[in-house]
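The next block holds one structure in the form of structure tokens; read it before the comments.
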Amino acid sequence: MKNHMNHLNDLKEIRSIMERSSRFLSLSGYSGIFAGVFAIFGGLIAYRQFYHSQFLIGEDISHIPDQLAKSIIQFLVIDGAAVLLLALVFSVFFSTMKAKKLGLPLWDLTTERVLLNLSIPLIAGGLFIAVLMQYKLLYFLPPVSILFYGMALMNAGNYTLSEVRYLGIAEIITGILNLLFLKYGLYFWIFGFGILHIIYGILMQIKYDKK
Amino acid sequence: MIRNKNTKSQLIKPMQNPIEGLNKVFDSRVRLGIMSALIVNDAMDFNSLKKLLEVTDGNLASHLKALEKNDYITLRKKFIGRKPNTSYSISKQGRAAFIQHLNSLEKLMGNG
């Protein structure tokens with residue numbers, strides 16, 4: 001009987017080490033919820049800012065003067081960067097809490113792998129977006145950012161909770177649909193970065209933290 | 001035959017000895033841990049293994065040496081800056097032996 005217990009413990013330990021050493025597990029559903037809320041705020045701020053001007057995200061701005069285009073782009077960059085920064089800060093915070101709760105190190109090989117696999121598509125997407133801005137092709141910003149983000153999640157999902165891949169697929173579909181309706185980029189952006197994140201975060205919270 | 005306390009537990013045991021499939025080399029917790037980590041990772045360095053398994057340098061080193069002696073793991077020495085850094089990978093034999101060991105463990109569970 002004692003042997004039996006030992007073997008069972010061995011198997012449990014093996015499974016746990018395999019999982020802990022290959023996947024970043026300290027991902028909290030709250031990170032998704034907060035990222036989604038910030039994205040919705042960021043989207044609404046952009047909506048308000050341009051509501052009364054002749055410009056709407058999704059419109060062709062090639063005809064407007066350089067100076068105005070520059071100020072629009074500047075606003076979008078600051079707005080987007082603020083959302084990204086807030087989402088990052090809070091997800092680091094929630095991951096730290098979760099790591100502590102699970103008794104795992106926050107920073108190990110799996111953390112490096114997730115970040116590397118997340119950041120390569122994101123940096124590629126960021127450069128792509130910078131070029132689009134150069135050409136004043138602003139209506140491509142929402143679908144391109146959603147698409148690259150989805151691909152980054154698909155990539156990183158191999159090294160963390162596998163549900164991240166489903167979020168990635170949902171983002172990719174949203175990005176593609178946005179390409180078919182370029183005019184409504186801001187709505188797609190709010191849906192992709194806001195609503196989807198919140199849905200994902202709530203589902204993860206139910207699955208992993210309410211046990 | 002006189003019945004004694006042990007009879008009952010002997011009856012539960014299957015005909016052939018299930019311990020056969022278990023690998024003596026993997027008798028230790030640390031070695032099991034090392035193999036579990038290396039079977040799902042291409043390579044891991046000493047410090048990552050140490051952090052993962054929560055063991056002392058000396059303890060980990062001796063178990064790594066034992067696995068290396070059995071040709072279950074391979075190691076590659078490299079330098080990060082000026083610091084030597086050894087990374088470990090599972091060998092073909094190591095993978096086969098560990099999978100065999102896992103199968104035996106699972107079989108034992110099934111019979112228990």
Side-chain angles (χ1 to χ4, degrees), chain A residues 1-28 92 95-121 153-165 208, chain B residues 5-6 8-14 17-23 25-55 60 80 85 87-90 95 98-112:
Chain A
M1 207 53 210
K2 194 176 169 249
N3 258 337
H4 189 276
M5 283 311 285
N6 280 346
H7 296 327
L8 191 63
N9 283 336
D10 280 356
L11 277 174
K12 270 190 195 153
E13 176 83 1
I14 289 166
R15 204 163 295 149
S16 150
I17 288 177
M18 282 180 175
E19 207 175 51
R20 271 188 289 148
S21 67
S22 62
R23 285 175 186 272
F24 178 73
L25 301 173
S26 312
L27 208 57
S28 164
V92 169
S95 292
T96 313
M97 303 268 288
K98 182 105 185 257
K100 215 176 255 173
K101 196 173 140 199
L102 295 175
L104 295 175
L106 178 66
W107 191 274
D108 63 6
L109 271 182
T110 64
T111 324
E112 282 172 33
R113 266 181 226 157
V114 161
L115 290 180
L116 182 73
N117 283 281
L118 195 66
S119 56
I120 292 172
L153 291 180
M154 283 291 292
N155 208 23
N158 292 322
Y159 304 95
T160 181
L161 305 173
S162 54
E163 288 83 356
V164 167
R165 288 171 64 84
Y208 287 100
Chain B
K5 281 185 285 185
N6 290 331
K8 205 176 170 192
S9 67
Q10 273 164 7
L11 281 175
I12 294 169
K13 275 187 186 169
N17 186 2
I19 308 296
E20 267 178 329
L22 292 181
N23 195 328
V25 182
F26 301 138
D27 244 0
S28 111
R29 266 285 152 93
V30 181
R31 288 182 209 169
L32 267 188
I34 296 168
M35 296 303 280
S36 311
L38 292 184
I39 206 164
V40 288
N41 287 282
D42 294 340
M44 276 184 96
D45 62 25
F46 190 88
N47 283 330
S48 302
L49 280 170
K50 191 180 136 193
K51 232 199 287 180
L52 178 73
L53 303 172
E54 293 171 324
V55 285
L60 179 58
I80 294 180
N85 184 299
S87 81
Y88 301 86
S89 300
I90 200 165
R95 186 176 293 273
F98 189 61
I99 288 172
Q100 157 102 55
H101 185 77
L102 281 182
N103 287 339
S104 305
L105 274 179
E106 259 160 18
K107 219 175 268 165
L108 277 170
M109 290 299 96
N111 289 336

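Each chain gets a letter, A, B and so on, in the order the sequences are listed, and its residues count up from 1. No hydrogens, no waters, no symmetry mates; every other heavy atom, side chains included, goes into these values.
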Which residues in residues 110-120 of chain A have a heavy atom less than 4.5 Å from any heavy atom of chain B?
Arg113(A)
Interface moiety of Ile39(B) toward chain A, non-hydrogen atoms closer than 4.5 Å:
side chain
Pair Leu161(A), Tyr208(A) - check side chain to side chain contact (heavy atoms under 4.5 Å, CB included), show working.
CA-CA 10 Å; Leu161(A) 305 173; Tyr208(A) 287 100; 4.2 Å; yes
Has the side chain of Ser95(A) got a donor or acceptor atom that lies under 3.5 Å from a matching backbone atom of Ser26(A)?
yes
Derivation of the side chain to side chain contact (heavy atoms under 4.5 Å, CB included) call for Leu27(A) and Glu163(A):
CA-CA 11 Å; Leu27(A) 208 57; Glu163(A) 288 83 356; over 6 Å; no
In sequence, state the C-alpha distance, the side-chain angles, and the governing distance for Met44(B) and Leu109(A), and then conclude on side chain to side chain contact (heavy atoms under 4.5 Å, CB included).
CA-CA 8 Å; Met44(B) 276 184 96; Leu109(A) 271 182; 3.7 Å; yes
At a 4.5 Å cut-off on heavy atoms, which part of Leu49(B) comes close to chain A: side chain, backbone, both, or neither?
neither
With no hydrogens and no angle check, is any side-chain donor or acceptor of Ser22(A) less than 3.5 Å from a backbone partner on Met18(A)?
yes
Sort Ile14(A) into side chain, backbone, both or neither according to what part of it lies under 4.5 angstrom from a heavy atom of chain B.
both
Does a sphere of radius 6.0 Å around CG in Asp27(B) hold more than 12 heavy atoms from other residues, nucleotides or ligands, not counting ones at 6.0 Å or beyond?
yes
Can you say whether the rings of Tyr88(B) and Phe46(B) are parallel (under 30°), tilted (30 to 60°) or perpendicular (over 60°)?
tilted
